[in-house]
Number of protein chains: 2
Amino acid sequence: MKIEEIAKLSGFSKSTVSRVISNNGYVSKETKEKILKIIEEVNYIPNGIARSLSSNKSNTVAVIIPDIQNSYFGDIIKGISNIMDKNNLHMLVYSTDENIKKEKKVFQNVIEQRPSGIILSISLQYHKKKDIKVLLDSGIPFVLFDRQIFDETFTGVFFDDIKGGYLATEALINSGHENIAIITGPFSTTNGLNRLEGYKKAMLEKNKKISEENIYEGNFHFDSGYENTKKILEKNKKTTAIFICNNEMTLGALQAIREKNLKIPDDIAIVSYDNHKYFEILGINISAINRDIEETGMEIAKLLLEEMKNSSRSKKIVIVSPTLILRNSEKLVKIKD
Amino acid sequence: MKIEEIAKLSGFSKSTVSRVISNNGYVSKETKEKILKIIEEVNYIPNGIARSLSSNKSNTVAVIIPDIQNSYFGDIIKGISNIMDKNNLHMLVYSTDENIKKEKKVFQNVIEQRPSGIILSISLQYHKKKDIKVLLDSGIPFVLFDRQIFDETFTGVFFDDIKGGYLATEALINSGHENIAIITGPFSTTNGLNRLEGYKKAMLEKNKKISEENIYEGNFHFDSGYENTKKILEKNKKTTAIFICNNEMTLGALQAIREKNLKIPDDIAIVSYDNHKYFEILGINISAINRDIEETGMEIAKLLLEEMKNSSRSKKIVIVSPTLILRNSEKLVKIKD
DNA sequence: ATGAAAGCGCTAACAC
DNA sequence: GTGTTAGCGCTTTCAT
């Protein structure tokens, strides 16, 4: 079934039918109704591919994320999807699996589809401008989120990770901790570095000693939270608190702590970056830096829509400020000697 | 940049360049290399939309799910994405938000995009064949998953929910429980009905009395697990165990149980449908019916690829058998009088 | 092994 | 208001 048949059936030309379908251009009310009725009757559904090619608008948005399975990105996608739906945009989803090589191939695939816009959260490896050259060259509007590129600033939505790191550390300091360990994110990411910077800033401001051996570089994955926490608990006897820089690693830390039969905060205090809805539901009291993720997804989508409207690369940055939720896991209960 | 420019630069015709890009048809080795080199040099990326229109193959697969945010569907998508990647297929993702009205609109949008295949998990409302008529009429190969249509069988991957319901109930009976409540899924779904059927089957076989007041119709959402559990704990004093028919409702149940300061299994035994990775990690011991979800996602994708290859509607059904993981939450500790 | 030409299903000037 | 016509950027016969 194509537009030509509708034209024949209705007695009008292809263009008139096209105008009805696209709902633009001059068509008399009666004509419109007549054509609409026929479309309804024969269950005609226009070919979006042909429309895209002809109009040079794909009405499609590509979302590129590092890991579909991660509930954080699930929530982001939910927010994006919500806005895209309302704007009749289709959503292509790609996962790079935190792999910069796969990411490169994904970029190529994405451009082939000629989406009207691109949303991208880069993989955890160190990224410079040249790593997204294909996207830049394509001229397609895009917005970054969460993770930043080192040598240039692009339109995007990011979190104030320095503030988050600061708040978490400050909470521990205010509870009386002196010897605070941190399990960071990878130093190849702005997020990893900024949260650490927040930690250092808080320690300095409050006149606490920053000791290199209290800094453990993690990689944002479960195992790294588990292993580093074990190390801390075994080697660093004076440590009374740990600031863990994301939720996956916190889950790993919880496992390590449980295996050692330690209690939070009695034996070890912690603050986590990123709240997890299950913490609350399951009655696990972990103080955490909190971000409204679905809402952020909506922000990201809106920013992209703006870029698409102006077909620009505005380099506009939206910074989302995290907050701290206290649930007593940060308390200092006994001082180790 | 289009194919014509590559043709000019290389001195060959559009057709030859096209053959190189599609890697099909006769092209001499030297010609191919020459053209490939030029494509590389000028960073030419073919227009997938034009290719789709011309070749009548979109290389795109649409995945329609009820709720993107639900980690169950996140895991499924991960599995699907894995297989689609390997087959160079793009993935369009649509969420119907468990809303049959939105679902209808989504179907329309999906067909417009002329995907090469469709993967669909219907929303929780009662579905008959007519509700997916648009898809059927389109002629596009599709596979259903998890949730079935009442009046006809279509190609798909489903779980043996009767067996799952049976295993869960049997575990409780074997632990010595007599008075077992069940919080079911909605009766508008095969899943809800089948899990209940499994429950009844186990009760009958083991000569336990099935009492209507032990059957609570839930809706698979958190609140319904919470509310129904509260009801059970308050009204049904003789109940020593609850079989909760999905993981979201189990989270709700856990909250209700915690609010009443009851212990599992000391005060109330439970078995949950669907394991949750966080149960284990967070040290929450809940016996549960387990399914390998990401693996299932891969099965689904493979089944669709088969359908696409044969461009058929085979009505082939794959049934995935769930298993039971026991973690002591099913134990009978004290008998109520 | 390569090229010429028609056409995929639609949109968008432009003409009337 | 409506129709005519020329593409959109490719693929795919059919020649040669």
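Everything quoted here is computed from the prediction, not taken from an experiment. Labels below follow one simple rule: chain letters A, B, ... track the order of the sequence lines, proteins then strands, and each chain is numbered from 1.
Here the side chains of A/Lys130 and A/Asp151 are not in contact, with every heavy-atom distance at 4.5 Å or above.
Between its two ends, the helix from C/dA1-D/dT16 to C/dC16-D/dG1 turns its axis by 30°, counting five pairs per end and rounding to 10 degrees.
Using a 30° and 60° split on the angle between ring planes, B/Phe73 and B/Phe145 fall in the perpendicular class, above 60°. Ring orientation note: the planes of B/Tyr126 and B/Phe150 are tilted relative to one another, at an angle of 30° to 60°.
In this structure, A/Glu4 does not pair ionically with A/Lys14, as no charged nitrogen and carboxylate oxygen lie closer than 4.0 Å.
The side-chain tip of B/Arg291 points at the ring of B/Phe159 from less than 6.0 angstrom away and within 45° of straight on.
With sequence neighbours excluded, the residues that form a side chain to side chain contact (heavy atoms under 4.5 Å, CB included) with A/Ser123 are A/Thr96, A/Glu98, A/Ile100, A/Glu103, A/Gln125, A/His127.
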| Would B/Ser18 and B/Ser15 count as a side chain to side chain donor-acceptor pair (under 3.5 Å) if you check the C-alpha gap in whole Å, the side-chain angles of each, and the deciding distance to 0.1 Å? | CA-CA 5 Å; B/Ser18 171; B/Ser15 348; over 6 Å; no

| Test log, rule side chain to side chain donor-acceptor pair (under 3.5 Å), inputs A/Tyr94 and B/Asp85 | CA-CA 9 Å; A/Tyr94 299 84; B/Asp85 269 3; over 6 Å; no

| query | Passes side chain to side chain donor-acceptor pair (under 3.5 Å), B/Thr155 versus B/Glu307? Steps please. | reply | CA-CA 9 Å; B/Thr155 307; B/Glu307 298 281 287; 3.3 Å; yes

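Reading DNA chain C from its 5' end, the first and the last nucleotide to sit under 4.0 Å from a heavy atom of chain B are C/dA1 to C/dG9.
The side chain of A/Ser28 contributes an N or O atom lying less than 4.0 Å from OP1 or OP2 of D/dT2.
B/Leu135 and B/Ser138 get closest at one heavy-atom pair: O-OG, 2.6 Å.
A heavy-atom distance below 4.0 Å to DNA chain C is reached by none of the residues of residues 33-41 of chain B.
Pairs passing the side chain to side chain donor-acceptor pair (under 3.5 Å) check and including a residue from residues 53-63 of chain A, sequence neighbours excluded, read A/Ser58-A/Ser116.
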| note | Quick tally for nucleotides 8-16 of chain D: nucleotides whose base has a protein heavy atom under 4.0 Å get B, sugar-phosphate-only ones S, the rest -, giving BBBBBB---

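There is a side-chain donor-acceptor pair under 3.5 Å between A/Lys86 and A/Asn82.
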